[in-house]
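Notes to accompany the following structure.
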Protein chains: 2
Amino acid sequence: MEILIAEDDEQIANSLRKNFAEDGNPVMIAKDGEEAIHFLKSISFDVILLDWRMPKVSGIEVCRYIRESGSKVPIILLTALSQVKNKVEALNLGADDYVTKPFSFDELAARINAVVRRYQSNTNELIFNDITLDLIGRKVKTPRGEIYLSGKEFDLIKYFILHKGSIMSKEDICKEVWGVNFVPSTNVVEATVKNLRRKIEDNYGKNLIKSIYGEGYLFIVE
Amino acid sequence: MEILIAEDDEQIANSLRKNFAEDGNPVMIAKDGEEAIHFLKSISFDVILLDWRMPKVSGIEVCRYIRESGSKVPIILLTALSQVKNKVEALNLGADDYVTKPFSFDELAARINAVVRRYQSNTNELIFNDITLDLIGRKVKTPRGEIYLSGKEFDLIKYFILHKGSIMSKEDICKEVWGVNFVPSTNVVEATVKNLRRKIEDNYGKNLIKSIYGEGYLFIVE
DNA sequence: GTTAAATATGAATGAATTTTCATTATTGTT
DNA sequence: AACAATAATGAAAATTCATTCATATTTAAC
């Protein structure tokens, strides 16, 4: 989980970085709001922690900037200001949570999990590496352009990405993609996999769907 | 916004009810966790406030019950327990926020707005009267059963519901449903409207799509 | 290496959807 | 009421998609 921390107090920033690193989460630190906005223009994060008081551009202004740019990324304000009117202002501006210093790292981590969980469980995108499924528009986007998939192919790649990294039996795939009471007497599944493979490969260069002899398919995670 | 409050302290409960009522939000009060679960079985709320310590069933158990039943409704724990381990436990169980007593009503209201905003902005359903579009499953549900729509028909009814109550020109409909650079030389739009009308009428009894001579279509809101 | 089972593939079929088109019906205006 | 413009309709044509089938290739086990 990529985390952006905008915090001018080096001690706090480094302590957070250390804690997150222990949990295996890479952290990027911006020393003021201006730098945070600079990072945000080119990198996408899973959650953003903002100190309120920072040089140049304040956390609350960064928050406003993010929301005005249309992003829904989870934002947590992280500040010494404990007055109700500050909290209300931040939350109304689109922040997802507000934690006052000093705080416990465990609580912060739990709050981050809560907002990220909510964000991801309700998002309309399914992302795998640089392949993004737009679940509502039913489009597949990659840096190399859009992949045009038919309905069944889209359902199939969605199932694959949702179960990436583990072997999926053909029976289970069938149940989910073709419907509970559909028992194929032919090789529809294989045929659809074939077509999907071709389209991914055309766009992606390599194939991501591996066959496991006698067991099913595996969507590869590197 | 329908709010459920589970709180055994009558004074707190009534004070909250009064405050929410001033903002025009109807409130339902459960005096313990058991009653809260009872309400939840038949009524749907926009947000749920749970006291941790309550007779019979605790707030944290209600929270667990809600998440296990598959609901994603926003939940805020509202308690005197301020220890970090309690907060962490609640948030990890699926609560969206945790507010410790005593709290300011303004802050609580702002936190409610934050979680509800997040919840609603990312919902995958489009509801009109008793017609529900499942935007991801691309299904249309009504109390009289499911309506089976083809791709174009689904896109069209989605556009209609999003713009209900105002006249939609055929050019605008075309742009959105068929794509920006599609200029029909035939009456595709009318033909698709016809098919959609028939399917809605078969299920719904009456037609909801009105033609405005010379201007376009209007999806009726009573 | 052989073999049998499992999987992959290209082409053909069948079904559903989308679009077209000719005709009919409706609307607003005179 | 007559007219012209607009909209609705049924059926046909075109297209796309899902499925089937026959054949080829790959795999694991012997």
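Here is how names work: the chains are called A, B, and so on, in the same order as the sequence lines, proteins then strands, and each is numbered from 1.
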Inset, instruction - Using modelled atom types only, decide if a donor and an acceptor are shared between the side chain of B:Asn25 and the backbone of B:Ala21 within a distance under 3.5 Å. - result: no
Inset, instruction - Verify the contact: side-chain N or O of B:Ser211 to OP1 or OP2 of C:dT27, cut-off strictly under 4.0 Å; return yes or no. - result: no
Inset, instruction - Indicate yes or no: does B:Lys141 engage B:Glu146 in a salt bridge with an N to O separation below 4.0 Å. - result: no
Legend entry - Aromatic plane relationship, A:Trp52 with A:Tyr98 - under 30° parallel, 30 to 60° tilted, over 60° perpendicular: perpendicular
Inset, instruction - Quick one: closest heavy-atom pair of A:Ile220 and A:Phe128, and the distance? - result: O-CZ, 3.2 Å
Inset, instruction - Could you state the atom-to-atom distance from CG of A:Leu196 to C1' of D:dC17 in whole Å? - result: 15 Å
Inset, instruction - List the steps, then state whether salt bridge (charged side-chain N to carboxylate O under 4.0 Å, His left out) holds for B:Lys199 with B:Glu153. - result: CA-CA 9 Å; B:Lys199 289 187 183 176; B:Glu153 288 160 4; 2.7 Å; yes
Inset, instruction - Using five base pairs at each end, measure the axis-to-axis angle across the helix from C:dG1-D:dC30 to C:dT30-D:dA1 and round it to 10 degrees. - result: 30°
Legend entry - Rounded interatomic separation in angstrom, taking CG from A:Asn187 and P from C:dA5: 17 Å
Kindly give the atom pairs (protein nitrogen or oxygen, nucleotide nitrogen or oxygen) under 3.5 Å for nucleotides 1-6 of chain D.
{"unit_1": "D:dA5", "atom_1": "N3", "unit_2": "B:Tyr213", "atom_2": "OH", "d": "2.7"}
{"unit_1": "D:dT6", "atom_1": "O4'", "unit_2": "B:Tyr213", "atom_2": "OH", "d": "3.2"}
{"unit_1": "D:dT6", "atom_1": "O3'", "unit_2": "B:Gly214", "atom_2": "N", "d": "3.3"}

Atom pairs under 3.5 Å: protein N/O with N/O of nucleotides 11-18 of chain C:
{"unit_1": "C:dT18", "atom_1": "OP1", "unit_2": "B:Gly151", "atom_2": "N", "d": "3.4"}
{"unit_1": "C:dT18", "atom_1": "OP1", "unit_2": "B:Lys152", "atom_2": "N", "d": "2.9"}
{"unit_1": "C:dT18", "atom_1": "OP2", "unit_2": "B:Ser150", "atom_2": "OG", "d": "2.4"}

Inset, instruction - Check the side chains of B:Arg197 and B:Ser211 for a donor-acceptor pair under 3.5 angstrom, ignoring hydrogens and angles. - result: yes
Inset, instruction - Please report the shortest heavy-atom distance between B:Ile75 and B:Leu50, naming the atom on each side. - result: CG2-CD1, 3.7 Å
Legend entry - Residues A:Asp96 and A:Arg67 bridged, charged N to O under 4.0 Å: yes
Legend entry - salt bridge (charged side-chain N to carboxylate O under 4.0 Å, His left out) between B:Lys170 and B:Glu190, worked out: CA-CA 9 Å; B:Lys170 287 178 186 172; B:Glu190 289 90 337; 2.9 Å; yes
Legend entry - Spacing of A:Glu190 atom CD relative to D:dA22 atom C1', expressed in whole Å: 15 Å
Inset, instruction - Provide, to the nearest angstrom, the distance between the OH atom belonging to A:Tyr217 and the P atom belonging to D:dT26. - result: 15 Å
Legend entry - Spacing of B:Leu156 atom CG relative to D:dA8 atom P, expressed in whole Å: 12 Å
Inset, instruction - Report the distance from atom CZ of B:Arg197 to atom C1' of C:dT26, rounded to the nearest whole Å. - result: 12 Å
Legend entry - Residue-phosphate contact under 4.0 Å: A:Tyr148 side-chain N/O, D:dC17 OP1/OP2: no
Inset, instruction - Could you tell me whether B:Tyr159 and B:Phe219 have their ring centroids closer than 6.0 angstrom? - result: no
Legend entry - Length of the line joining A:Glu201:CD and C:dT9:C1', which is rounded to integer Å: 13 Å
Legend entry - A:Arg144 and A:Asp130: CA distance, side-chain angles, deciding distance, salt bridge (charged side-chain N to carboxylate O under 4.0 Å, His left out) verdict: CA-CA 10 Å; A:Arg144 289 156 297 282; A:Asp130 52 7; 3.7 Å; yes
